[in-house]
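All values reported here derive from a predicted model rather than from experimental measurement.
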Amino acid sequence: MKGKLESSERQKLIEEGKNLKEVLATLEENLVQLTDKLQQEAQCVPNMAHPDVPIGGEDCSALRKMVGSPREFSFPVKDHVQLGKELDLFDFDSAAEVSGSKFYYLRNEAVMLEMGLTNWAISKVMRKGFTPLITPEIVRSTIVEKCGFQPRGTNTQVYSIEGSDQCLIGTAEIPVGGMHMDSILSDSVLPLKYVAYSHCFRTEAGAAGTATRGLYRVHQFSKVEMFILCRPEDSDAYHEELIRIEEDLFSSLGLHFKTLDMASGDLGAPAYRKYDIEAWMPGLGRYGEISSASNCTDYQSRRLGIRYRPSSSEASPNSKKGKANSGPTQFVHTLNATACAVPRMIVCLLENFQQEDGSVIIPEPLRPFMGGIERISPKNK
C-alpha cells in the first residue's frame, strides 16, 4: 500500500484489509469464548490429594483424635431448639415470615453468646500471632471461582447478586485470599496469618431433614476464620498448627469431640488435605461438624496469582503486579481453618451444658466476654 499502485489494485488491497479485520474480530471473539470455556472446565479439576488421605466417601474418613467423653445426664435431654424456646433465645417463626426458612432471630443471652464467642475466638487466636480482620461480605464472582468454588454450578452453595458479577461470601476465606491477589510477596513477610470475622451466606441446596433443624444448618451466620499464606515447604506444619489451635479452643470449653482426617470424596475442590472436628451434640443424639482445617497448597494461589520471591532476591512486601527484579518467583501455599462457627457452637453449648432446672451453664472462658454471665436461666412468666 505504501508503494505506487493502480487505483484498482489499491482498492482490492483495501477490501482485503477490511476482510482481514472482520475475520480477525470474529477469531478474537471466538478465542474469548473458548478461553472462558477452557477456564470453566479447568476450574472443575480439583486439587491433588495428600498421599495419606483415605480413599473413598465420608464414611472412609480416619479418626485422628478423640477428646473427652459424652456427658451422662440424669434427666431427659432437650435439643437446642426446645432449650432456645424455653429460655427465649431464638425466634425462628418471625424470621421465617420475614426472610424465609433457615433464618433466625437471636434474643436476650443468645446475642451475648454470639458476641462473646466471636470476641473470645478472635482474642485467643490473636495471641498465636494472627492479624485480625473484618472483611467485605460481597465479592466479585471471579474471586469466588479462583478460590475453588462454583458460583454458577448446579447445587451451588453461593448466593449470586442478580444483574452483577458479585456474590455473597460463604466464608471469609474468599475475601482474605483475594486481598493479596496478583501480588509478589517478600519472603521475609511469610507466613502471613489472619483471623477474620464475617457473616457467611450459603444456599444449603439439597439440605433437609431433622438433622438440619434449628441453628444447625442456616442460610446466614457469623464465623471466625483463620487463614495462612506460607512457603510451600511449611504448609504441612502450619496445617498441624491450625488443627491444634482448633482442638485447644474447643477443649478449653469442655466439649467432647473427635478429629477426622477426611476421605478423598469429602475434600472439596481446593483441599489437598482436610481435618474436620465433630462435636457431640446430645440433643441431636449425634456428632456434628463444628470446624475444619484445610491445606489448599498452591491451588488457590495459582488462580489468584499470589507469589513470593525467595530471600535470595527480595521484592517489596506487597509489590502489586510488579515485574520480577531477578530470580524466579514461586506460588505461596494457602490454608484455612474455622476458629468459631457461631450457630454450631451455640448448639453445642446449650445441649452439653443444660441443667435439670432448664438453665444452661456458661463455660468459664466465655464469661468475661459475656459481661460476667454465668448461667442462662428460664425467664419468670
Side-chain angles (χ1 to χ4, degrees), residues 77-122 134-135 137-138 156-159 161 167-172 197-225 253 255 278-292 338-354 358-363 366 369-371 373 375-379:
V77 174
K78 302 170 185 175
D79 69 7
H80 74 281
V81 177
Q82 185 179 354
L83 287 163
K85 184 176 182 179
E86 294 175 359
L87 296 170
D88 194 20
L89 300 178
F90 316 134
D91 186 349
F92 294 105
D93 294 337
S94 296
E97 292 292 328
V98 171
S99 303
S101 63
K102 299 187 187 301
F103 287 94
Y104 56 94
Y105 286 94
L106 296 182
R107 296 169 53 87
N108 299 311
E109 292 92 343
V111 176
M112 301 300 293
L113 193 52
E114 164 147 344
M115 299 300 179
L117 281 165
T118 300
N119 288 323
W120 164 78
I122 292 172
I134 293 179
T135 73
E137 293 169 0
I138 295 176
T156 180
Q157 295 296 311
V158 179
Y159 281 108
I161 299 174
C167 303
L168 302 182
I169 64 170
T171 168
Y197 168 80
S198 76
H199 296 103
C200 303
F201 304 87
R202 300 183 184 180
T203 65
E204 296 298 351
T210 56
T212 64
R213 69 192 294 257
L215 290 178
Y216 188 80
R217 198 176 295 279
V218 290
H219 290 309
Q220 175 185 335
F221 60 96
S222 302
K223 182 159 69 80
V224 178
E225 184 81 358
L253 296 180
L255 297 178
E278 296 184 355
W280 178 246
M281 300 177 179
L284 295 176
R286 64 180 179 86
Y287 291 93
E289 181 191 341
I290 60 169
S291 180
S292 67
T338 312
C340 181
V342 171
R344 299 272 177 102
M345 290 300 292
I346 291 177
V347 172
C348 282
L349 296 175
L350 294 183
E351 294 189 0
N352 280 285
F353 299 117
Q354 60 183 292
S359 65
V360 174
I361 300 293
I362 301 298
L366 291 179
F369 298 92
M370 293 181 60
I373 297 173
R375 180 189 296 258
I376 304 173
S377 299
K379 309 295 181 289

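- To the nearest 0.5 Å, atoms CE (Met345) and OG (Ser291) are separated by 9.0 Å.
- For residues 81-103, every residue pair satisfying the ring pair (Phe, Tyr, Trp, His ring centres under 6.0 Å) rule, not counting sequence neighbours, is listed here: Phe90-Phe92, Phe103-His219.
- At least one donor-acceptor pair closer than 3.5 Å links the side chain of Glu351 to the backbone N or O of Leu284.
- A donor-acceptor pair under 3.5 Å is formed between the side chain of His80 and the backbone N or O of Leu215.
- Residues satisfying the side-chain hydrogen bond (donor to acceptor under 3.5 Å, both in side chains) criterion with Ser94, sequence neighbours excluded, are Asp91.
- Taking CD1 from Ile161 and CD1 from Ile138, the interatomic distance works out to 4.0 Å, rounded to the nearest 0.5 Å.
- Remark: Glu137 CD to Thr135 OG1 distance equals 6.0 Å, nearest 0.5 Å.
- Of all non-hydrogen atoms in Cys340 and Leu117, the two that sit nearest each other are SG-CB, 3.9 Å.
- Qualifying side-chain hydrogen bond (donor to acceptor under 3.5 Å, both in side chains) partners for Ser359, counting only residues two or more places apart in sequence or in other chains: Asp357, Arg375.
- Residues that satisfy the side chain to side chain contact (heavy atoms under 4.5 Å, CB included) test with Ile134, not counting sequence neighbours, are Tyr197.
- Here the closest non-hydrogen pair linking Thr338 and Ile290 is CG2-O, 4.1 Å.
- The CG atom of Asn352 lies 8.5 Å from the CE atom of Met281; values are rounded to the nearest 0.5 Å.
- A distance of 10.0 Å separates CG in Leu87 from CD in Gln82, rounded to the nearest 0.5 Å.
- Pro363 meets the side chain to side chain contact (heavy atoms under 4.5 Å, CB included) test with Leu253, Leu349, Phe353, Pro365, Leu366; sequence neighbours excluded.
- Under the ring pair (Phe, Tyr, Trp, His ring centres under 6.0 Å) criterion, Phe201 pairs with no residue at all, not counting sequence neighbours.
- Evaluation of the salt bridge (Lys or Arg N to Asp or Glu O under 4.0 Å) rule for Glu114 yields no partner, not counting sequence neighbours.
- Taken from CG in Leu89 to NZ in Lys379, the straight-line distance is 5.5 Å, to the nearest 0.5 Å.
- Panel note: side chain Tyr216, backbone Pro343; no donor-acceptor pair is recorded below 3.5 Å.
- When every heavy atom of Lys78 is checked against every heavy atom of Glu86, the shortest pair comes out as NZ-OE1, 2.7 Å.
- Checking side-chain atoms of Arg202 against main-chain N and O of Gln157 turns up no donor-acceptor pair under 3.5 Å.
- Evaluation of the side-chain hydrogen bond (donor to acceptor under 3.5 Å, both in side chains) rule for Asp79 yields Arg213 as partners, not counting sequence neighbours.
- Remark: Asn108 engages Asp88 in a side-chain hydrogen bond (donor to acceptor under 3.5 Å, both in side chains) (not counting sequence neighbours).
- Among residues two or more places apart in sequence or in another chain, the side chain to side chain contact (heavy atoms under 4.5 Å, CB included) test is passed with Cys200 by Ser198, Phe221, Lys223.
- In this structure, Leu106 and Val111 approach most closely via the heavy-atom pair O-CG2, 3.5 Å.
- In this structure, the side chains of Thr203 and Tyr159 come closer than 4.5 Å at one or more pairs of heavy atoms.
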